[in-house]
Amino acid sequence: MNKYILKFETASLLKNYATIFFGTLFPMLLCSLIIISVKKQVPKEMLDQVEQSIMLNLSIISPLSIFFIGLSSVFAKDLEEGVYDRLELFSINHLTMARYKFFVNYIFWFICNAIYFAFILNMFDLNLSFISLVKHFAFVSLLSLALFLLSYAICLFTKKFSISFAATMLMYFGILILSGMMGIMVEDLPAKIKTFAKLLPTSHFSSTEYLDEIAKGGSLNYSFLQSLIVFLLISFILFAISVYKNKRKNS
């Protein structure tokens, strides 16, 4: 690995304080407030299950903030300023940069997620096995890869900070709302919107079926796995097209 590219990408990530806040502190704060608020409303026999579901669901905010909003805000600005055009002169193409970007962002997300779960599990004395956490990390890792590829593609297609950031922000809040992370449960959405919401893999993280799969060893929900794979495939296709389009323009 090129240590200079690693340093460059790490510095680009860490100078974005919004990514650090929304990737680490915001999910912990929001999860804590919601868990505290439901303690008085949920029967004691169901409380542990509800708290676990809230914790797993709100952990999705971190990859959305890091791989989607955080990446686009820095990457699109650098593209607009021609930083990567200059790197192309040294035979550093977008495929190479994408690998480094994903590696740096993934390590950062992994650390943020570890801090998030360590804090919430200890703060509220929740019981979730190590195997359950590994399963959850695996699913969210696939989601993170899809979000990264999609965000990278949007930035390459537009090469404008304003357009890229606006597009990813709209999609970010749309995903949060449709996935039950903004106070409206997926089941409470209007019928037509709920049908669309269930096509998103992120909506499944708030379901009781997901908690059964992760914490209780229940059978895998194949509709969730299918939506996750389809989302990943669409993101990869858009990423491949954007890289190819950019390569032809440079040629």
Atom pair [atom1] ([X]) and [atom2] ([Y]), whose distance is rounded to the nearest 0.5 Å:
X    : Y    : atom1 : atom2 : result
T202 : N57  : OG1   : CG    : 9.0 Å
I69  : N16  : CD1   : CG    : 10.5 Å
L199 : K194 : CG    : NZ    : 13.0 Å
I35  : Q52  : CD1   : CD    : 9.5 Å
L228 : Y222 : CG    : OH    : 14.0 Å
L150 : S242 : CG    : OG    : 10.0 Å

Handout entry: Ring-ring centroid check Y152 F148, cutoff 6.0 Å
Key =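 Yes.
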Handout entry: Aromatic contact, Y172 with F68 (centres under 6.0 Å)
Key =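 Aromatic pair excluded; centres sit 6.0 Å or further apart.
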Problem - Residues forming a side chain to side chain contact (heavy atoms under 4.5 Å, CB included) with M28, sequence neighbours excluded - result: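 For M28 the side chain to side chain contact (heavy atoms under 4.5 Å, CB included) partners, ignoring immediate neighbours, are T24, L25, I115, Y116, F119.
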Practice task
Taking side chain to side chain contact (heavy atoms under 4.5 Å, CB included) as the test, write out the residues that go with L47, two or more places apart.
Solution key: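 L47 satisfies side chain to side chain contact (heavy atoms under 4.5 Å, CB included) with K39, V42, E51 only.
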For the residue pair [X] and [Y], does the interplanar ring angle fall in the parallel (under 30°), tilted (30 to 60°) or perpendicular (over 60°) class?
X    : Y    : answer
W109 : F137 : tilted
F165 : F161 : parallel
F224 : Y210 : perpendicular

Practice task
Dump the intermediate steps for side-chain contact (heavy atoms from CB on, under 4.5 Å) on Y100 and F8, then the final yes or no.
Solution key: CA-CA 10 Å; Y100 281 96; F8 172 75; over 6 Å; no
Handout entry: Within 6.0 angstrom of F124 CZ, more than 12 heavy atoms from elsewhere
Key =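 Above 12, so yes.
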Handout entry: Neighbour count >12 (heavy atoms, 6.0 Å) for atom CZ, F196
Key =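 For F196, atom CZ is not crowded (no more than 12 foreign heavy atoms under 6.0 Å).
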Exercise for the section: Begin from the C-alpha positions of F117 and L56 and carry the test side-chain contact (heavy atoms from CB on, under 4.5 Å) through to its verdict. Expected result: CA-CA 9 Å; F117 278 106; L56 292 173; 4.0 Å; yes
Practice task
With sequence neighbours excluded, give me every ring-ring contact (aromatic ring centres under 6.0 Å, His included) pair touching residues 25-64.
Solution key: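 Pairs touching residues 25-64 that pass the test: F22-F26.
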Practice task
Compare every heavy atom of P63 with every heavy atom of S144, then report the nearest pair and how far apart it is.
Solution key: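 Looks like OG-CB, 3.4 Å.
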Handout entry: Criterion side chain to side chain contact (heavy atoms under 4.5 Å, CB included) against I66, the qualifying member of T19, L147, I20
Key =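 Result: among T19, L147, I20, T19 is the only option passing the side chain to side chain contact (heavy atoms under 4.5 Å, CB included) with I66.
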Problem - Option passing side chain to side chain contact (heavy atoms under 4.5 Å, CB included) with S32 (candidates L58, I120, I54) - result: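 Only one option passes, and that is I120.
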Exercise for the section: Kindly indicate, with the supporting measurements, whether the criterion ring-ring contact (aromatic ring centres under 6.0 Å, His included) is fulfilled by F102 and F67. Expected result: CA-CA 8 Å; F102 182 75; F67 292 98; 5.7 Å; yes
